There are 2 protein chains.
Amino acid sequence: MPMTAWTELAKDTGADLRLDRDTSNCSIARTLEIVGEKWTILILREVWYGSSRFGDFERVLGCPRNLLAARLRMLVAEGILATESYQEPGSRSRPKYVITPKGMDLVPAVMGLLQWGDRHAADPEGPAVLARHRECGAPVGVQIRCGEGHAVQAEDVESVPGPAFRLKLVG
Amino acid sequence: MPMTAWTELAKDTGADLRLDRDTSNCSIARTLEIVGEKWTILILREVWYGSSRFGDFERVLGCPRNLLAARLRMLVAEGILATESYQEPGSRSRPKYVITPKGMDLVPAVMGLLQWGDRHAADPEGPAVLARHRECGAPVGVQIRCGEGHAVQAEDVESVPGPAFRLKLVG
DNA sequence: GATCTGAGTTTACTTTTCGATACTTAGAAG
DNA sequence: CTTCTAAGTATCGAAAAGTAAACTCAGATC
């Protein structure tokens with residue numbers, strides 16, 4: 001999906017100056033800034049699988065406590081998780097972590113990673129987890145689709161400059 | 001999408017032993033092992049946008065040369081990129097990097113990240129890049145779908161133990 | 001044969017992130 | 001008022017990443 005609209009502009013202009021796409025405004029990079037750190041996606045995976053307490057995450061992930069605390073704090077600050085409290089009988093109330101709608105919106109991206117791993121890096125025994133549609137039981141996956149409702153092959157995706165497209169000078 | 005099938009098993013058994021899901025076989029984690037390092041996804045983004053040469057990546061990403069070389073080497077070793085050669089008139093032939101089918105299979109995952117960023121971390125000016133269906137021009141995005149063809153809400157995805165599901169003892 | 005060029009490699013140094021363990025804290029129970 | 005517990009903090013050495021510049025290498029040109 002080459003963006004010919006800018007690769008043409010980005011040619012050498014003869015002098016020492018040269019134009020390139022300005023990649024500072026990129027939604028992929030911005031998303032990775034938030035969820036691209038080590039453990040973050042795996043914490044979300046555990047939330048989807050039903051964990052909610054600090055100790056749950058620590059035990060099942062084996063993640064260092066200080067990193068776990070930092071990641072949880074950040075996910076809450078970003079509005080991806082929210083804290084509620086639970087109270088075990090005979091204990092004081094403690095915080096637990098639940099996913100927000102903003103966090104649920106990450107499911108397609110993570111399911112994309114899951115799907116790729118199942119296809120290209122699977123354990124010979126098969127997947128440890130199967131995702132299926134609650135209503136009909138059929139296995140689920142992610143698909144690229146267009147606004148017209150067509151399923152789209154990755155090769156048929158075309159990337160074009162958007163409203164915030166900019167060029168930058170390099171040299 | 002809690003997996004009740006194992007959260008029930010994972011209760012304290014009264015003694016000092018306790019069962020937990022064994023997360024060592026996870027397609028998400030395995031995928032992140034390969035593409036979860038810094039720069040890797042951004043390199044792939046540039047490949048999708050039309051870059052193919054070492055110097056292209058270096059200029060547009062601002063990534064250190066040593067890391068760029070390491071990431072490219074790894075992507076080729078994993079079969080996500082492949083090297084071909086190009087020849088500029090008057091120059092010797094040099095290597096360039098092209099995406100493989102295995103690499104194209106990552107598009108849904110990365111498009112998921114893009115979509116989330118556009119929705120939740122967008123620049124006020126809007127996105128720098130728009131993805132659309134080459135045939136009909138309509139904007140594209142990723143969707144969760146089941147084998148029966150239904151669009152599935154993230155909340156309606158149910159995760160159940162697969163063939164390689166294991167429990168582990170923690171204590 | 002000297003020079004140019006793009007694609008790396010190497011080196012040396014700083015900064016950031018990771019990982020393991022010890023320590024603290026706030027309330028409930030004895 | 002001491003103990004117990006889950007949820008954190010604090011600390012510190014190790015590993016990885018970032019930065020910058022010098023160096024190599026192989027062919028094409030001069």
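Each chain gets a letter, A, B and so on, in the order the sequences are listed, and its residues count up from 1. Reckoned from all heavy atoms, side chains included, excluding hydrogens, waters and symmetry mates. The shown structure was predicted, so the numbers you read here are calculated from the model rather than taken from an experiment.
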Closer to the 5' end of DNA chain D via nearest nucleotide, is it Ala69(A) or Ser91(A)? Ser91(A)
Could you tell me the separation between the CG atom of Leu68(A) and the C1' atom of dT21(C), rounded to a whole number of Å? 16 Å
Donor-acceptor contact present, side-chain Lys102(A) to main-chain Glu78(A), <3.5 Å: yes
Tyr97(A), nearest nucleotide to its side chain (from dG8(D), dA7(D), dG19(C)): dG8(D)
What is the separation between atom CG on Leu75(A) and atom P on dG8(D), rounded to the nearest whole Å? 13 Å
Side-chain N or O of Gln87(B) versus OP1/OP2 of dG27(D): is the shortest distance under 4.0 Å? no
Taken to the nearest whole Å, CZ/Phe54(B) to C1'/dG8(C) is 5 Å
For dA7(D), does the base pair up with any side-chain atom of Arg53(A) as donor and acceptor (N or O, under 3.5 Å, distance only)? no
Glu37(B) has an atom CD; how far is it from atom P of dA16(D), in whole Å? 10 Å
Scan Tyr86(A) against the nucleic acid and name what it touches under 4.0 Å (heavy atoms): base, sugar-phosphate only, or nothing. sugar-phosphate
Would you mind reading off the distance between Trp39(A) atom CH2 and dC18(C) atom P, rounded to a whole angstrom? 10 Å
On a heavy-atom basis, the closest approach of Val140(A) and Val157(B) is CG2-CG1, 4.0 Å
Tell me whether Arg134(A) is salt-bridged to Glu155(B), with the criterion being a basic N under 4.0 Å from an acidic carboxylate O. no
Using 0.5 Å steps for rounding, measure from the CH2 atom of Trp48(B) to the CG atom of Leu106(B). 5.5 Å
Taking any heavy-atom pair under 4.0 Å as a contact, classify Arg59(A): base, sugar-phosphate, or nothing. nothing
Measure the distance from CD on Glu58(B) to P on dT5(C) and round it to the nearest whole Å. 16 Å
Please report, rounded to the nearest Å, how far the C1' atom of dA17(D) is from the CG atom of Asn66(B). 9 Å
Taking the six-membered ring of Tyr86(B) as reference, does the cationic atom of Arg53(B) (NZ for Lys, CZ for Arg) lie under 6.0 Å from its centre and within 45° of its axis? yes
Between atom CG in Leu67(A) and atom C1' in dA10(D), what is the gap in whole Å? 13 Å
Is there a donor N/O on one and an acceptor N/O on the other, under 3.5 Å, for the side chain of Arg92(B) and the base of dA28(D)? no
Does the dA7(D) base have a donor-acceptor partner in the side chain of Arg94(A) within less than 3.5 Å? no
Can you work out whether Ser93(A) or Arg65(A) has the more 5'-proximal nearest nucleotide on DNA chain C? Arg65(A)
On DNA chain C, does the nearest nucleotide to Lys38(A) precede the nearest nucleotide to Gly90(A) from the 5' side, or the other way round? Give the residue. Lys38(A)
